[in-house]
Amino acid sequence: MKGNIGQLMQQAQKMQENLKQAQQELADLEVTGQAGGGLVEVTMSGRHEVRRVRIDESVADDREMIEDLVAAAVNDAVNRVQEASQEKMSGLTGGLPLPPGFTLP
């Protein structure tokens, strides 16, 4: 019985180390969201920090369109971060859903 508990504790520690590593990899991740067929691009970190915004010159005179495209590109980037997080974490959890209240970076 003692051997089983020790082995279980080692497995839990290994899983915790793997989780920390995966969280760091996600934090270092950069994704690019696009809108308007690439007229606007937003690059975002895995921590949802916007790093860059690129706006094509062809829409420079249409403020309302730029605002809409930037919002859409940010939302696209957020969705890509979420997908990458789910994919990374599903490898650690064996495809099982995360427990309620468990949040990703």
Side-chain angles (χ1 to χ4, degrees):
M1 182 84 170
K2 280 187 177 181
N4 290 340
I5 292 174
Q7 186 178 14
L8 186 60
M9 292 298 289
Q10 285 178 341
Q11 287 176 341
Q13 184 177 9
K14 179 72 172 165
M15 187 173 183
Q16 185 177 17
E17 290 170 8
N18 290 343
L19 180 60
K20 281 185 178 184
Q21 180 182 352
Q23 287 175 329
Q24 185 59 49
E25 289 173 8
L26 287 170
D28 294 340
L29 174 75
E30 279 194 356
V31 299
T32 300
Q34 297 183 4
L39 292 174
V40 173
E41 293 181 350
V42 173
T43 301
M44 180 178 288
S45 76
R47 291 186 177 161
H48 296 97
E49 297 167 341
V50 175
R51 300 286 171 98
R52 285 182 297 281
V53 176
R54 188 196 63 77
I55 300 171
D56 191 275
E57 292 178 15
S58 66
V59 294
D61 295 335
D62 191 344
R63 180 182 172 158
E64 188 174 324
M65 179 187 285
I66 292 171
E67 290 170 351
D68 291 343
L69 291 174
V70 168
V74 168
N75 289 334
D76 185 42
V78 168
N79 289 334
R80 289 173 188 257
V81 168
Q82 185 64 28
E83 288 171 6
S85 295
Q86 287 176 348
E87 183 178 315
K88 182 64 121 174
M89 292 302 167
S90 71
L92 291 175
T93 62
L96 297 173
L98 295 174
F102 188 84
T103 59
L104 299 174

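FYI, the numbering just counts along the sequence from 1.
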Q | Verdict with reasoning, Ile66 to Asp68, per side-chain contact (heavy atoms from CB on, under 4.5 Å) | A | CA-CA 5 Å; Ile66 292 171; Asp68 291 343; over 6 Å; no
Show, in sequence, the C-alpha distance, side-chain angles and deciding distance for Gln24 and Asp28, and conclude whether the side chain to side chain donor-acceptor pair (under 3.5 Å) test is met.
CA-CA 6 Å; Gln24 185 59 49; Asp28 294 340; 3.0 Å; yes
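Glu67 meets the salt bridge (charged side-chain N to carboxylate O under 4.0 Å, His left out) test with Arg63; sequence neighbours excluded.
Within the model, atoms OG of Ser85 and CD of Gln23 stand 9.5 Å from one another, a figure rounded to the nearest 0.5 Å. To the nearest 0.5 Å, atoms CG (Leu29) and CE (Met44) are separated by 11.0 Å.
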Could you list the donor-acceptor pairs under 3.5 angstrom formed between side-chain atoms of residues 36-43 and any protein atom two or more places apart in sequence or on another chain?
unit_1 : atom_1 : unit_2 : atom_2 : d
Glu41  : OE2    : Gln34  : NE2    : 3.4
Thr43  : OG1    : Thr32  : OG1    : 3.2

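Checking Glu49, Arg80, Arg51 one by one against Glu30, the side chain to side chain contact (heavy atoms under 4.5 Å, CB included) holds for a single residue, Arg51. For the side chain to side chain contact (heavy atoms under 4.5 Å, CB included) test with Lys14, the passing option among Glu17, Gln10, Gln11 is Glu17; the others fail.
Across all non-hydrogen atoms, the minimal contact from Ala35 to Ala73 is CB-N, 3.7 Å.
The backbone N or O of Ala71 lies less than 3.5 Å from a partner atom in the side chain of Asn75, making a donor-acceptor pair.
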